[in-house]
Amino acid sequence: QVQLAESGGASVQAGGSLRLSCVVSGYIKANVRLGWFRQAPGNEREGVASIFNSGPETLVAEALKGRFAISHDTAKHTLYLQMDNLKPEDTAMYYCAAKTWNFVPAMLVTLTDGNYDYWGQGTQVTVSP
């Protein structure tokens, strides 16, 4: 079992920055895929970014490239999402997710939520104009 706990969400003005954190604990096998997802009211959950172990393999949603970056500090057992130049449309609940294996999977990173087994409770990000 893997536990995920997000933090760092806040209310900010457009153009600001936030760094979300997700502490990863529990039974992590040899390899782990970690991801960030978000869901705004009335919208479906969408993939934001994904990382395999501590990199270098990463994936960021095309529309967010250049503003969002994902990283994983294995020593601190913490996943990060750096968000810069925030826009009102970035307002959402942000979730981290994980899937872990004892082998290296064929697909290292993905923004498809069905490819993750464990989820955190989420942290709210609100961006005002």
Side-chain angles (χ1 to χ4, degrees):
Q1 194 77 358
V2 175
Q3 292 81 45
L4 304 167
E6 304 97 333
S7 63
S11 295
V12 297
Q13 289 190 323
S17 296
L18 280 176
R19 187 176 77 160
L20 304 184
S21 300
C22 174
V23 175
V24 184
S25 61
Y27 180 52
I28 304 295
K29 298 175 184 176
N31 298 288
V32 62
R33 173 196 295 143
L34 296 167
W36 285 102
F37 292 80
R38 67 184 184 183
Q39 187 168 22
N43 290 357
E44 292 187 357
R45 185 164 57 192
E46 63 172 327
V48 172
S50 176
I51 187 168
F52 183 73
N53 291 335
S54 60
E57 190 73 27
T58 62
L59 176 65
V60 177
E62 193 65 32
L64 302 176
K65 285 181 179 178
R67 297 196 300 121
F68 286 26
I70 188 171
S71 61
H72 179 211
D73 187 332
T74 53
K76 295 183 178 180
H77 308 292
T78 303
L79 174 72
Y80 299 101
L81 181 68
Q82 178 67 41
M83 305 186 294
D84 298 319
N85 190 21
L86 283 161
K87 303 177 180 181
E89 52 264 41
D90 294 320
T91 295
M93 185 71 78
Y94 284 72
Y95 300 90
C96 62
K99 186 175 177 71
T100 184
W101 305 260
N102 278 323
F103 56 89
V104 178
M107 181 170 59
L108 301 183
V109 291
T110 176
L111 300 181
T112 302
D113 57 5
N115 289 317
Y116 293 83
D117 294 333
Y118 304 99
W119 293 83
Q121 294 299 306
T123 186
Q124 178 68 38
V125 172
T126 302
V127 184
S128 56

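Just so it is clear, the structure is predicted and the values come from calculations on it, not from any experiment. Here, residue 1 is the first one in the sequence, and each next residue gets the next number.
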* **Flag, side chain of Asp90 to backbone of Lys87, donor-acceptor distance under 3.5 Å** => yes
* Asked: Distance from Thr74 atom OG1 to Ile28 atom CD1, nearest 0.5 Å?
  -> 11.5 Å
* Report yes or no: do Thr78 and Asp73 form a side-chain donor-acceptor pair below 3.5 Å? => no
* Asked: Does atom CD of Gln121 have more than 12 heavy-atom neighbours from other groups under 6.0 Å away?
  -> no
* Taking it one step at a time, do Thr110 and Tyr116 satisfy side-chain hydrogen bond (donor to acceptor under 3.5 Å, both in side chains)? -> CA-CA 9 Å; Thr110 176; Tyr116 293 83; 5.7 Å; no
* Asked: Quick one: does Arg38's side chain get under 4.5 Å of Leu64's, heavy atoms only?
  -> yes
* **Shared hydrophobic cluster, Val127 / Leu20 (ILVMFWY, side-chain heavy atoms < 4.5 Å)** => yes
* To do: Drop me the distance from Tyr94's OH to Cys22's SG, to the nearest 0.5 angstrom.
  => 15.0 Å
* When you look at Asp113 and Tyr95, which way does the side-chain contact (heavy atoms from CB on, under 4.5 Å) test go after all the steps? -> CA-CA 11 Å; Asp113 57 5; Tyr95 300 90; over 6 Å; no
* Counting only N and O atoms by type, is there a donor-acceptor contact under 3.5 Å from the side chain of Glu6 to the main-chain atoms of Gly122? -> yes
* **Sub-4.5 Å side-chain heavy-atom contact between Phe37 and Arg45** => yes
* To do: Output, in order, the C-alpha distance, side-chain angles, deciding distance and verdict of side-chain contact (heavy atoms from CB on, under 4.5 Å) for Met107 and Asn115.
  => CA-CA 10 Å; Met107 181 170 59; Asn115 289 317; 3.4 Å; yes
* So does Asp84 pair up with Arg67, basic N to acidic O under 4.0 Å? -> no
* To do: Measure across Ser17 and Gln82 and return the closest heavy-atom pair with its distance rounded to 0.1 Å.
  => CB-NE2, 4.1 Å
* Asked: Any link between Val109 and Leu111 through a network of hydrophobic side chains (Ile, Leu, Val, Met, Phe, Trp, Tyr) touching at under 4.5 Å?
  -> yes
* Taking C-beta and beyond as the side chain, do Val24 and Val2 meet within less than 4.5 Å on heavy atoms? -> yes
* First locate atom CD1 of Ile70, then atom CG of Leu34, and finally report the distance between them rounded to the nearest 0.5 Å. => 7.0 Å
* Any donor-acceptor N or O pair under 3.5 Å, side chains Asn53, Asn31 -> yes
* Identify whether Val12 and Val48 are in the same connected component of the hydrophobic contact network (ILVMFWY, side-chain heavy atoms under 4.5 Å). => yes
* Give a yes or no answer on whether the side chain of Thr123 reaches the backbone of Gly9 with a donor-acceptor pair at less than 3.5 Å. => yes
* Asked: Just wondering, do Gln3 and Tyr118 contact through their side chains at under 4.5 Å, heavy atoms?
  -> no
* Measure the spacing between CZ of Phe103 and NZ of Lys29 and express it to the nearest 0.5 Å. => 8.0 Å
* Asked: Should Val32 and Trp101 count as side-chain neighbours, where that means a heavy-atom distance under 4.5 Å?
  -> no
* **Arg33 charged N/C atom sitting above Phe52 aromatic ring, 6.0 Å / 45°** => no
* Closest approach of Pro88 to Ala14 (non-hydrogen atoms, all atoms of both residues) -> CD-CB, 4.1 Å
* To do: Determine, using the 4.5 Å side-chain heavy-atom cutoff (strictly less than), whether Leu59 and Val104 are members of one ILVMFWY cluster.
  => yes
* Is it true that Leu18 and Val60 fall in one hydrophobic cluster, defined by side-chain heavy atoms closer than 4.5 Å? -> yes
* For the residue pair Glu57 and Ile51, establish whether any side-chain heavy-atom pair is separated by less than 4.5 Å. => no
* To do: List the steps and the verdict of side-chain contact (heavy atoms from CB on, under 4.5 Å) for Met83 and Phe68.
  => CA-CA 5 Å; Met83 305 186 294; Phe68 286 26; 3.7 Å; yes
* Structure fact -> Separation between OG (Ser50) and NE2 (His72), nearest 0.5 Å, reads 12.0 Å
* Side-chain heavy atoms of Leu79 within contact of Trp36, under 4.5 Å -> yes
